[in-house]
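First up is the structure itself, then whatever we jot down about it.
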Amino acid sequence: MPHTAPPKIVISGSGIWTPPEMITNEELVESYNAYARKFNDDHAAQIAAGTIEEKYPSSERFIEKASGIKARYVYTRDGILDTERMRPSFPERREDELGYQAEIGISAAREALEAAGKTGADVDAVIVAAAYTQRPYPAIAIEIQEALGIDGFAFDMLGACSAATFGLHRAYDSLRSGSAKCVLAVNPELVTPQVNFCDRDSHFIFGDVATAVIMERLDTCTAPACHEILSTKALTRFSSNIRCNFGHMIYAHDVEPFGWDKLFHQSGRKVFEEVSPVAARHIREHLESLGLTPDDVKRFWLHQANINMNNMVIKEVLGREAENDLAPIVLDRYGNAASAGSIIAFHLYRDGLEKGDVGMICSFGAGYSVGSLVVQRR
Ligand code: CO8
């Protein structure tokens, strides 16, 4: 049998939907502190008796220093800052209306299609990859497929912080094997409904966004510039240090369906200390496997959970501090947008590389999971 080389695969377009509304640290802290004062007043007797823990105030200075986050975009501010509610308000949509995640995913997808010079008719696979899907079925990906007039197949996949990169890995594998010829990968990260805005440790972390990427074979690409995928690499290690226990079993559990553990919760310090070295090692080993050194990489588009974590990872990878544009930061204004962080960074900072320059997209976090793609500007 003659050996045929696998096709070259490229990212030919990317897109983003950024919510029109934003909440600053100042606003979030003001509302949390008002909520905490009222909670302490309402539970003064139990706090004095030691049966309930007092709530301590949140601080803007802490948030910015500990995380690098100054503000976050949100689908809606409605309800989040209301001290009687402390969660966003999303009116339930009818079954014949477009769902929320499909809506934001479609906006990002349209921009990605346009950048790639493609229409829905050119695409034959849709992957929705996110930390959450708002329902198990029908898949959000199939709803997006239908709305954009795409043939072929579509499916949803979860993967927490690495959903987006793992989704791109699946797109790459499908294109290499020939099971698809043009893939739309979408990350509708609508995460604020899962944030515990009553939890001082995590109320400031997350924001909403949707990102999308078009991946295809180089020989079908008509975009003026594209990024060839040189290699993909993934790693997972089980940890409950970032966890959400909400799921379909709750109906049968006879427990409080909206208890604190059913929302996002984590041991942030442990995550920081355990994930950073794993991510740095993964990046070095992935590059080494291609005969590359970290200094060969012109841009790192990293997961956006914490600026100190990104600085630590980059310092460990390079053995020195990085220049400003080597590993762009978007979490100051986007917050942690779950798995979409590295794709936001790629989308906003993909320009400025010369033909032949190498870059790396890398996610790390819940699971634990690390996912990377080494790309080359063409
Ligand atoms: N204001 C003031 N003080 C505070 C606050 C606050 N808001 N929060 C905590 N403190 C206090 C603590 O109580 C503690 O006080 P003490 O010293 O008296 O005990 C002190 O500040 C220090 O606390 P920490 O040690 O926890 O602070 P850190 O410096 O570690 O910062 C972070 C906390 C920012 C959470 C940091 O640990 C971090 O970012 N870690 C990495 C976490 C991470 O990467 N997580 C991944 C998230 S998951 C993901 O990215 C996507 C998948 C899930 C999507 C879910 C969407 C809902």
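Every number for a ligand or one of its atoms is a count from 1 in the order of the listing.
Contact annotation for atom 24 (P) of ligand 1: protein absent (non-hydrogen atoms, distance under 4.0 Å). Within a 4.0 Å radius of atom 34 (C) of ligand 1, the protein contributes at least one heavy atom. Shown here, atom 48 (S) of ligand 1 is in close reach of the protein: a heavy atom of it lies under 4.0 Å off. Within the 4.0 Å cut-off (strictly below), no protein heavy atom is located near atom 15 (O) of ligand 1. For atom 27 (O) of ligand 1, a protein heavy-atom neighbour is found at a distance under 4.0 Å.
Inclusion of Q194 in the set of residues having an N or O under 3.5 Å from an N or O of ligand 1 is not warranted. Considering backbone and side-chain atoms alike, N336 places an N or O below 3.5 Å from some N or O of ligand 1. Distances between N or O atoms of Y132 and those of ligand 1 include no value under 3.5 Å. Among the atoms of S339, none of the N or O lies under 3.5 angstrom from an N or O of ligand 1. For F272, no nitrogen or oxygen atom sits less than 3.5 Å from a nitrogen or oxygen atom of ligand 1, counting backbone and side chain alike.
In this structure, atom 31 (O) of ligand 1 lies nearest to the protein heavy atom A66 CB, 3.6 Å. Nearest to atom 42 (C) of ligand 1 among the protein's heavy atoms is Q266 OE1, 3.3 Å. Protein heavy atom nearest atom 9 (C) of ligand 1, with residue, atom name and distance: D201 OD1, 3.2 Å. For atom 44 (O) of ligand 1, the nearest protein heavy atom (residue, atom name, distance) is A305 CB, 3.4 Å. The shortest contact between atom 1 (N) of ligand 1 and any protein heavy atom is with S59 N, 3.1 Å. At the shortest separation from atom 52 (C) of ligand 1 among protein heavy atoms lies C161 SG, 3.3 Å. Here the protein heavy atom with the shortest distance to atom 39 (O) of ligand 1 is N306 ND2, 2.7 Å. Looking from atom 29 (O) of ligand 1 to the surrounding protein, the closest heavy atom is R269 NH2, 2.7 Å.
Among E274, K270, R200, the residue whose heavy atom lies nearest to atom 13 (O) of ligand 1 is R200. When the heavy atoms of F264, Y368, F204, F62 are ranked by distance to atom 20 (C) of ligand 1, first place goes to F62. By heavy-atom distance, the residue among G268, G207, S267, G341 lying nearest atom 37 (O) of ligand 1 is G268. Which of V29, N241, V271 comes nearest to atom 43 (C) of ligand 1 through a heavy atom is settled by distance: it is V271.
The closest side-chain donor-acceptor pair between T211 and H347, if any, does not fall under 3.5 angstrom. A donor atom on one side chain and an acceptor atom on the other are found under 3.5 Å apart for E274 and N241. Remark: the D208 side chain and the T192 side chain contain an N/O donor-acceptor pair separated by less than 3.5 Å. Remark: the Y334 side chain and the T18 side chain contain an N/O donor-acceptor pair separated by less than 3.5 Å.
Ring-centre distance between W17 and Y75: below the 6.0 Å cut-off. Aromatic rings from F197 and Y32 are positioned such that their centres are separated by 6.0 Å or more. In summary, the aromatic rings of H227 and F346 are positioned with their centroids under 6.0 Å apart.
Ion pairing of R135 with E95 is absent here, as no side-chain N (NZ or NE/NH1/NH2) approaches a carboxylate O to less than 4.0 Å. A salt bridge links R320 with D295; the closest basic N to acidic carboxylate O contact falls under 4.0 Å. By the 4.0 Å N-to-carboxylate-O rule, K315 lies close enough to E321 to be salt-bridged with it. Looking at D173 and R170, a side-chain N of the basic residue comes within less than 4.0 Å of a carboxylate O on the acidic one, giving a salt bridge.
In summary, the atoms of ligand 1 found under 4.0 Å from a heavy atom of I242, numbered by their order in the structure, are 45 (N), 46 (C), 48 (S). Distances below 4.0 Å separate heavy atoms of H303 from the following atoms of ligand 1: 50 (O). Per-residue contacts place M309 under 4.0 angstrom from the following atoms of ligand 1 (heavy atoms of the residue considered): 41 (C), 44 (O).
With a 4.0 Å heavy-atom cut-off, ligand 1 is reached by the backbone of V191 and by its side chain too.
Every residue meeting the side chain to side chain contact (heavy atoms under 4.5 Å, CB included) condition with S177, not counting sequence neighbours, appears here in chain and number order: S179.
Distance alone, capped at 3.5 Å, is enough to place a donor-acceptor pair between the D124 side chain and the K181 backbone.
Counting non-hydrogen atoms of neighbouring residues, nucleotides and ligands closer than 6.0 angstrom, the CD atom of E60 exceeds 12 such neighbours.
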* Would you check, one step at a time, whether the test side chain to side chain contact (heavy atoms under 4.5 Å, CB included) holds for Q194 with F246? => CA-CA 9 Å; Q194 244 284 316; F246 191 78; 4.1 Å; yes

